[in-house]
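Working notes, structure below.
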Amino acid sequence: MNDPQLLALLDQAHAHARAYLQGLDERPVFPDAEALAGLAAFDEALPEQGADPFETLRRLHEVGGPATVAQVGGRYFGFVNGGVRPTALAARWLADVWDQNAALWATSPVASRLEAVCERWLVELLGLPAGTAVGFVSGTAVSLLVALAAARDALLLRQGWDAGSRGLFGAPELRVLVSEQAHATVSRALGLVGLGRDRVLRIPCDAQGALRDDLLPPLDDRTLVVLGAGHVATGAFDPLRHVCTVARRAGAWVHVDGAFGLWAATSPATAHLTDGLALADSWSADAHKTLNAPYDSGLVLCRDREALVGALRMDGAYLQWGSDGARDGMRLTPEMSRRARAIELWALLRTEGRAGVAAIIDGLCARARQFRDGLDAAGFLILNEVVFNQVLVACETPALTEATLAAVQSSGELWCGGTRWQDEIAIRISLCSAETSPSDVERCVAAFVSAREHAGRALIQGD
């Protein structure tokens with residue numbers, strides 16, 4: 001691999017990457033019409049003899065680069081998509097050159113060791129029980145799937161039923177409780193693990209989208225409860241301590257879906273939002289959201305290591321398991337072949353440290369409050385209590401809200417998404433990039449005001 005052409009290609013990729021990052025502040029956050037139309041250049045026949053590798057990289061940079069969404073900058077606020085910290089990005093590049101398969105210790109001793117270190121650090125950071133297992137998956141959608149499978153099998157095993165061996169036909173019935181505001185990925189995961197999307201009991205929520213624990217029915221040892229740490233629109237947190245305490249007394253299993261909100265536990269300023277977190281049985285989170293690791297960096301965490309390992313168990317005569325306590329990552333994830341995600345996560349955690357992680361969280365919350373205050377002063381309606389990093393906004397009428405959102409998205413100044421809240425359209429601003437500065441927020445508030453003015457004029461002319 002010590003090929004001069006390979007080294008030259010890496011140099012070219014590095015130059016393109018530098019040019020991309022240096023131009024972020026001037027380019028539209030969402031690609032403009034010209035950039036989108038330019039993607040047609042990719043629609044070519046498969047070359048018979050192959051193309052020049054340097055020209056291929058140039059094509060990717062010149063055609064693909066302008067059509068990317070600039071979420072690594074400071075003015076992207078859509079879908080709770082995080083940015084990326086510098087050391088983590090650089091470590092990702094190095095890890096890609098190493099091209100490690102993190103399935104087994106035998107396929108990558110370095111990935112095995114860094115997963116073990118990251119597991120210990122994460123459990124300490126989040127204040128979870130000692131011995132909690134951590135699996136490194138692609139994202140929360142997968143971690144939910146894995147955690148709910150572990151919960152299903154553990155609850156059934158307590159009833160004398162081995163679901164891994166016998167399946168679910170004839171198994172004792174389990175009951176599932178979720179918030180009526182649970183994320184859509186929870187329903188998908190419940191369907192995939194055979195617990196059903198439509199047979200769950202949905203618990204009503206308060207005005208901010210947090211589960212009302214006063215309406216919780218009696219629990220028992222056949223009950224799975226899914227709570228949320230960070231509502232996707234409002235940022236609200238379910239009452240973890242009370243529900244987990246009741247569940248533990250009853251022998252129920254509690255899973256906490258904390259894709260972006262679980263990280264509130266890492267800052268003294270926001271830890272109160274996750275009070276009682278350590279009383280749950282399993283958790284899911286994304287390091288590529290509020291922590292700002294590169295994509296894809298999901299985490300599944302489980303108090304009972306054997307429950308997680310048991311739900312994912314497999315064997316093969318050709319597999320070479322690690323000895324003397326060496327970690328085989330595939331025991332804790334549904335994948336065998338997978339990239340070594342823990343490498344860049346280790347680099348991020350080591351570089352930031354406990355104080356740096358807290359500073360990332362505090363910074364996001366501060367920018368959310370700045371956004372709230374700026375929009376409120378400009379006459380926008382703030383629909384939520386800004387307790388974490390989510391700001392929910394509307395204008396005086398649904399029509400003006402919808403038109404303002406369209407104008408914001410097409411402006412190129414920033415990008416945020418829409419949602420429906422209490423049967424009305426709203427604008428959802430997710431502060432998830434550590435690159436967002438106070439001046440970025442000031443610039444975006446001004447863009448909101450301009451978009452509303454433009455939308456208002458268009459609505460009047462349309463009438």
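Throughout, numbering of the chain's residues begins at 1 and tracks the sequence.
For the pair Leu240/Asp275, no side-chain contact is recorded, criterion being any heavy-atom separation below 4.5 Å from C-beta on. Between Leu312 and Met330, the closest side-chain pair of non-hydrogen atoms is not below 4.5 Å. Residues Val176 and Leu148 fail the side-chain proximity criterion, which asks for heavy atoms closer than 4.5 Å. Counting heavy atoms from C-beta outward, Gln100 and Arg338 have side chains that stay 4.5 Å or more apart. Residues Leu345 and Leu291 are in side-chain contact: their nearest non-hydrogen atoms beyond the backbone lie under 4.5 Å apart. Using a 4.5 Å cut-off on side-chain heavy atoms (C-beta onward), Thr270 and Cys365 make contact. At a threshold of 4.5 Å between non-hydrogen side-chain atoms, the residues Val134 and Cys118 do not count as touching. Side chains of Ile360 and Glu352 form a contact here, defined as non-hydrogen atoms less than 4.5 Å apart.
Taking every heavy atom of both residues into account, Val300 and Leu332 meet most closely at CG1-O, 4.0 Å. Minimum heavy-atom separation, Gln370 to Pro438: NE2-O, 3.0 Å. Between Gln390 and Val80, the shortest heavy-atom distance links the atoms NE2-CG2, 4.1 Å. Of all heavy-atom pairs spanning Gln422 and Ala207, the tightest one is NE2-O, 3.5 Å. Of all heavy-atom pairs spanning Arg197 and Ser187, the tightest one is CG-O, 3.1 Å. Pairing each heavy atom of Ala340 with each of Ala111, the nearest pair is CB-CB, 3.8 Å.
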Donor-acceptor contacts, no H, no angles, side chain residues 32-50, under 3.5 Å, sequence neighbours left out:
from, atom 1, to, atom 2, distance (Å)
Asp32, OD1, Glu34, N, 3.3
Asp32, OD1, Ala35, N, 2.9

Could you pull out every donor-acceptor pair under 3.5 Å between side chains of residues 441-451 and any protein atom, sequence neighbours left out?
from, atom 1, to, atom 2, distance (Å)
Arg443, NE, Glu413, OE1, 2.9
Arg443, NE, Glu413, OE2, 3.4
Arg443, NH2, Glu413, OE2, 2.9

In a table with atom names and distances, give each donor-acceptor pair under 3.5 Å that connects a side chain of residues 4-12 to protein atoms at least two apart or in another chain.
from, atom 1, to, atom 2, distance (Å)
Gln12, NE2, His16, NE2, 3.1
Gln12, NE2, Phe54, O, 3.0

Show me, pair by pair, the donor-acceptor contacts under 3.5 angstrom made by side chains of residues 391-399, not counting sequence neighbours?
from, atom 1, to, atom 2, distance (Å)
Thr397, OG1, Leu400, N, 3.1

Working note: Thr234 + Glu385, criterion side-chain contact (heavy atoms from CB on, under 4.5 Å); need CA distance, chi angles, decisive distance, verdict.
CA-CA 7 Å; Thr234 67; Glu385 297 175 14; over 6 Å; no

Asp257 vs Thr140, side-chain contact (heavy atoms from CB on, under 4.5 Å): CA-CA, chis, key distance, verdict:
CA-CA 8 Å; Asp257 174 16; Thr140 294; 3.5 Å; yes

side-chain contact (heavy atoms from CB on, under 4.5 Å) for Arg27 and Leu24? Distances and angles first, verdict last.
CA-CA 5 Å; Arg27 57 160 293 161; Leu24 273 179; 4.0 Å; yes

Stepwise, does the salt bridge (charged side-chain N to carboxylate O under 4.0 Å, His left out) test hold for Arg120 with Glu115?
CA-CA 9 Å; Arg120 175 167 52 84; Glu115 283 192 0; over 6 Å; no

Does the pair Leu299 and Leu262 meet the rule for a side-chain contact (heavy atoms from CB on, under 4.5 Å), with working shown?
CA-CA 11 Å; Leu299 305 168; Leu262 208 70; over 6 Å; no

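Between the side chain of Asp440 and the main chain of Ser437, a donor-acceptor pair closer than 3.5 Å is present. The main-chain N or O of Lys289 is never found under 3.5 Å from a side-chain atom of Trp263 such that the two would form a donor-acceptor pair. With hydrogens and angles ignored, the 3.5 Å screen pairs a side-chain donor or acceptor of Arg303 with a backbone N or O of Ala280. The main-chain N or O of Ser433 is never found under 3.5 Å from a side-chain atom of Asn292 such that the two would form a donor-acceptor pair. Side-chain N or O atoms of Arg341 include one that pairs as donor or acceptor with a backbone N or O of Asp296 at under 3.5 Å. With Ser267 contributing its side chain and Ala264 its backbone, the two residues share no donor-acceptor pair below 3.5 Å. In this structure a side-chain-to-backbone donor-acceptor pair under 3.5 Å is present from Ser112 to Arg327. Looking at Glu180, its side chain does come within 3.5 Å of a backbone N or O of Cys205 through a donor-acceptor pair. The main-chain N or O of Ala407 is found under 3.5 Å from a side-chain atom of Ser410 such that the two form a donor-acceptor pair.
Atom SG in Cys302 sits 7.5 Å away from atom CH2 in Trp283 (nearest 0.5 Å). Remark: Ile427 CD1 to Glu402 CD distance equals 10.0 Å, nearest 0.5 Å. With rounding to the nearest 0.5 Å, the separation of CD1 in Ile361 from OG1 in Thr266 is 4.5 Å. The line from CG of Asp286 to SG of Cys432 is 9.5 Å long, rounded to the nearest 0.5 Å.
Residues passing the side-chain hydrogen bond (donor to acceptor under 3.5 Å, both in side chains) test with Asn81 are Gln71, Tyr295, sequence neighbours excluded. In this structure Arg305 satisfies the salt bridge (charged side-chain N to carboxylate O under 4.0 Å, His left out) test together with Glu119, sequence neighbours excluded. Residues satisfying the salt bridge (charged side-chain N to carboxylate O under 4.0 Å, His left out) test with Arg92, not counting sequence neighbours, are Asp96, Glu344. With sequence neighbours left out, Phe136 forms a ring-ring contact (aromatic ring centres under 6.0 Å, His included) with no residue at all. Scanning for salt bridge (charged side-chain N to carboxylate O under 4.0 Å, His left out) contacts around Arg428 gives an empty result, with sequence neighbours left out. Considering only residues two or more places apart in sequence or on other chains, Glu55 meets the salt bridge (charged side-chain N to carboxylate O under 4.0 Å, His left out) condition with Arg59. In this view, Gln409 and Leu405, Trp415 satisfy the side-chain contact (heavy atoms from CB on, under 4.5 Å) rule, not counting sequence neighbours. Checked against side-chain hydrogen bond (donor to acceptor under 3.5 Å, both in side chains), Thr290 has no partners two or more places apart in sequence or in another chain.
Just one residue in the list Phe260, Phe388, Trp421 forms a ring-ring contact (aromatic ring centres under 6.0 Å, His included) with His231, and that residue is Trp421. Just one residue in the list Leu211, Val186, Val226, Ile203 forms a side chain to side chain contact (heavy atoms under 4.5 Å, CB included) with Ser179, and that residue is Leu211.
Using cut-offs of 30° and 60° for the angle between ring planes, the Trp121 and Trp346 rings count as parallel.
Within a 6.0 Å sphere centred on CZ of Arg188, other residues, nucleotides and ligands contribute 12 heavy atoms or fewer. The number of heavy-atom neighbours closer than 6.0 Å to NE2 of His61, taken from other residues, nucleotides and ligands shown, is above 12.
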